[in-house]
Every structure is written in structure tokens, then in C-alpha cells.
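Structure first, commentary second.
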Amino acid sequence: SVQLDQYFAAVRIFSFHYEALKAAYDRVPRGADWPDDLRNWPEPAQAFFMIASSALNYMGTTQIFAQAPYSELKSLPDDMRKIGFDTCFCFQWALFEDFVKQRILWLVARSALPPETCKELKRLNRRTAHFLKYIDSGQVFGYSPFRTVLLKPGWIPTFEDCGFPELDAIRQLRNQLIHAPESPPIDRTDQRYDRSMWILRLYAGNIDHAVAAVAPGQDAGSAIPSGNG
């Protein structure tokens, strides 16, 4: 999950500075413009010049800085952020869903929950929305683990209570990104991404603590395939 955050940050940073990188690539000295006195430069300046020019020239071989031959490529920086958001958001949801099902079905496999609860969880395993809603109902742990408090940024810090509706909104956005990514409007802001990831991590931690309370001192088993969102 943290690796995905770093990947998304890298894509965003590149896209935000794409025009500056393109401008730098266009100004890399070539041929007769190459400095004759490079060996007389201080070593840090030599290293920076060689590394930067080599990297930009290598990037240029991909034609990423060339004039877009098709209209669909004319908004490359925006498209990078959009595709990066969609990819990371959906992958983050897959990690969360797999984790929750792994931990819950681990309890089921060991009959650590009441028989009727185990039966219902098995029945709902392939119906993710209903599976999560059943957990939220309190039937599994006696309370909903999908509750947390988030700090709202601002001049005066405030807090907001988050519950299952926030989790379901993340699931629905994931489905929209998979099945209808061009459907407007979709909020792809950094704030939406960061807030959603905080909620998923906090809920995953709640699940982990709840499972550990039911079966203390035991480790969860191998991964269990997830169902359909």
C-alpha cells in the first residue's frame, strides 16, 4: 500500500513538472553546442551536467517530449495523473479487500465464529458489497469495525466520524473506475485519494485487532482469493 502511494506520488511529480522537463530536454546542448571546457568545471557541476543531459536524452528516445501525433496524446500530463489515480486507487482497494477476506475467512476456516455466522460469510464471500455490509452489521464481531475518526485539515483542526458509507463510497468509486472510467464527474483530487487511503488503512487495522481479539495468539493463514467488487 505504501509502495503504491510512492508510485502515485512519482507519477504526479513527473506530470506536474512535465513541461519543465520538456523545456530542459529542448535545451540540452548538442553537437557544436557541447561545452568545450567541461573538464575545467568543478566536479559537482560536471557530474550534474552529465547525469542530467544523459537522463534527458535517454528519456527523449521514448518520444515522450515529441510533438503529440494524435489528439488523444495532447494532454499527456493530465492523463498521467488520471491513469495513475485510477491504477493506484483500484489496486489499493484490491489490497484492502483481499486483506479483509483473508482475515475474516481465516476465522471461518477455524470455526472461531458461530456456525450461522460462518455459513453466511461463506455464502457472501463472492459478493463483496454484501460481505462488507454483513461485517458492518455487527453480526461478526458484535460491533462494526468500519468506524474511525479522521482529522480534518484546516486552520482550526476538527475531527469527523467515518463509518460504512465512506467505505462503500470507496468501493463504488473503484467499480466506476474499472467499468466506466470516463463517466463524469469523478473526483480524482489528491485529497480524495489520500483520505480514501487513510480510511482503508484504519479500517484494515480495526479488522486486524478484531480478529486478534477473537483468536488471540494465532497468525492468519495463507491468502484467500477475493470476490467480485
Side-chain angles (χ1 to χ4, degrees), residues 1-96 98 150-157 169-202 204:
S1 181
V2 175
Q3 287 177 319
L4 284 170
D5 284 347
Q6 291 179 323
Y7 171 80
F8 186 37
V11 171
R12 285 183 303 189
I13 289 298
F14 184 87
S15 64
F16 286 140
H17 295 279
Y18 172 80
E19 293 299 334
L21 288 169
K22 184 178 185 299
Y25 169 75
D26 291 338
R27 289 164 176 77
V28 172
R30 294 174 176 83
D33 294 329
W34 195 265
D36 296 326
D37 60 342
L38 184 60
R39 293 181 180 276
N40 297 326
W41 292 13
E43 194 283 329
Q46 288 186 49
F48 176 81
F49 178 82
M50 294 302 298
I51 292 171
S53 60
S54 297
L56 288 167
N57 277 323
Y58 181 77
M59 292 170 68
T61 63
T62 66
Q63 301 300 311
I64 195 171
F65 298 129
Q67 187 68 27
Y70 308 107
S71 59
E72 293 83 0
L73 300 178
K74 291 188 181 298
S75 57
L76 180 62
D78 290 338
D79 290 341
M80 289 178 62
R81 288 192 291 273
K82 173 182 173 182
I83 294 172
F85 181 100
D86 292 11
T87 301
C88 293
F89 196 97
C90 293
F91 203 163
Q92 293 277 24
W93 174 263
L95 292 176
F96 173 80
D98 285 346
L150 286 183
L151 175 65
K152 296 178 66 174
W155 290 107
I156 302 177
I170 296 172
R171 182 191 64 81
Q172 291 182 41
L173 177 56
R174 175 266 181 191
N175 287 348
Q176 185 178 3
L177 295 174
I178 290 290
H179 302 297
E182 299 301 326
S183 299
I186 296 180
D187 177 8
R188 289 185 172 92
T189 60
D190 295 350
Q191 292 78 9
R192 176 68 181 274
Y193 180 89
D194 292 340
R195 183 179 186 277
S196 298
M197 295 313 108
W198 269 112
I199 290 173
L200 292 184
R201 290 191 181 105
L202 291 170

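Note: hydrogens, waters and symmetry copies are ignored here, and every other heavy atom, side chains too, is used. All figures in this text were calculated on a predicted structure; none of them were measured in a lab. Positions are given from 1, in the same order as the sequence printed here.
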Problem - For the student: nearest non-hydrogen atoms of Y193 and D5, plus distance - result: OH-OD1, 2.9 Å
Handout entry: Non-hydrogen side-chain atoms of M50 and L38 separated by less than 4.5 Å
Key = yes
Exercise for the section: Report the distance from atom CG of L200 to atom CD of Q92, rounding to the nearest 0.5 Å. Expected result: 7.0 Å
Exercise for the section: May I ask you to test the S196-R174 pair for a side-chain heavy-atom distance under 4.5 Å? Expected result: no
Practice task
Could you tell me whether the side chain of T87 reaches within less than 4.5 Å of the side chain of F8, counting heavy atoms only?
Solution key: no
Practice task
Answer yes or no: is there a side-chain heavy-atom contact under 4.5 Å between D190 and R81?
Solution key: no
Handout entry: R39, CZ atom: more than 12 neighbouring heavy atoms under 6.0 Å
Key = no
Handout entry: Whether S54 side chain and I51 backbone form a donor-acceptor pair below 3.5 Å
Key = no
Practice task
Compare every heavy atom of S1 with every heavy atom of L95, then report the nearest pair and how far apart it is.
Solution key: CD1-N, 3.7 Å
Problem - Heavy-atom side-chain proximity of M59 to Y25 below 4.5 angstrom - result: no
Problem - Exceeds 12 heavy-atom contacts within 6.0 angstrom, atom CZ of F16 - result: yes
Practice task
Could you check if a side-chain atom of F49 sits within less than 4.5 angstrom of a side-chain atom of P29, using non-hydrogen atoms only?
Solution key: yes
Problem - Spacing of D194 atom CG and I199 atom CD1 [to the nearest 0.5 Å] - result: 11.5 Å
Handout entry: Closest contact, heavy atoms only, I186 versus P181
Key = CD1-O, 3.4 Å
Practice task
Check whether any side-chain heavy atom of W93 lies under 4.5 Å from a side-chain heavy atom of L173, and answer yes or no.
Solution key: no
Exercise for the section: Would you give the length of the straight line joining atom CZ of F48 to atom CD of E43, rounded to the nearest 0.5 angstrom? Expected result: 13.0 Å
Handout entry: L202 vs L150 side-chain heavy atoms within contact, under 4.5 Å
Key = yes
Completion exercise
Interatomic distance, CD@Q6 vs SG@C88, rounded to 0.5 Å, equals 11.0 Å
Problem - Cationic N near anionic O, under 4.0 Å, D86 to K82 - result: no
Exercise for the section: Could you grab the distance from atom CE of M197 to atom CZ of R192, nearest 0.5 Å is fine? Expected result: 9.0 Å
Fill in the blank from the handout: In this structure, CD of Q63 is separated from OG1 of T61 (nearest 0.5 Å) by 8.0 Å
Exercise for the section: Give the minimum heavy-atom separation between Y18 and I64, together with the two atoms involved. Expected result: OH-O, 2.5 Å
Handout entry: For the student: nearest non-hydrogen atoms of F96 and A204, plus distance
Key = CE1-N, 3.8 Å
Problem - Within 6.0 Å of CH2 in W198, more than 12 heavy atoms from elsewhere - result: no
Practice task
Can you see which heavy atom on M80 is nearest to which on V11, and at what distance?
Solution key: O-CG1, 3.4 Å
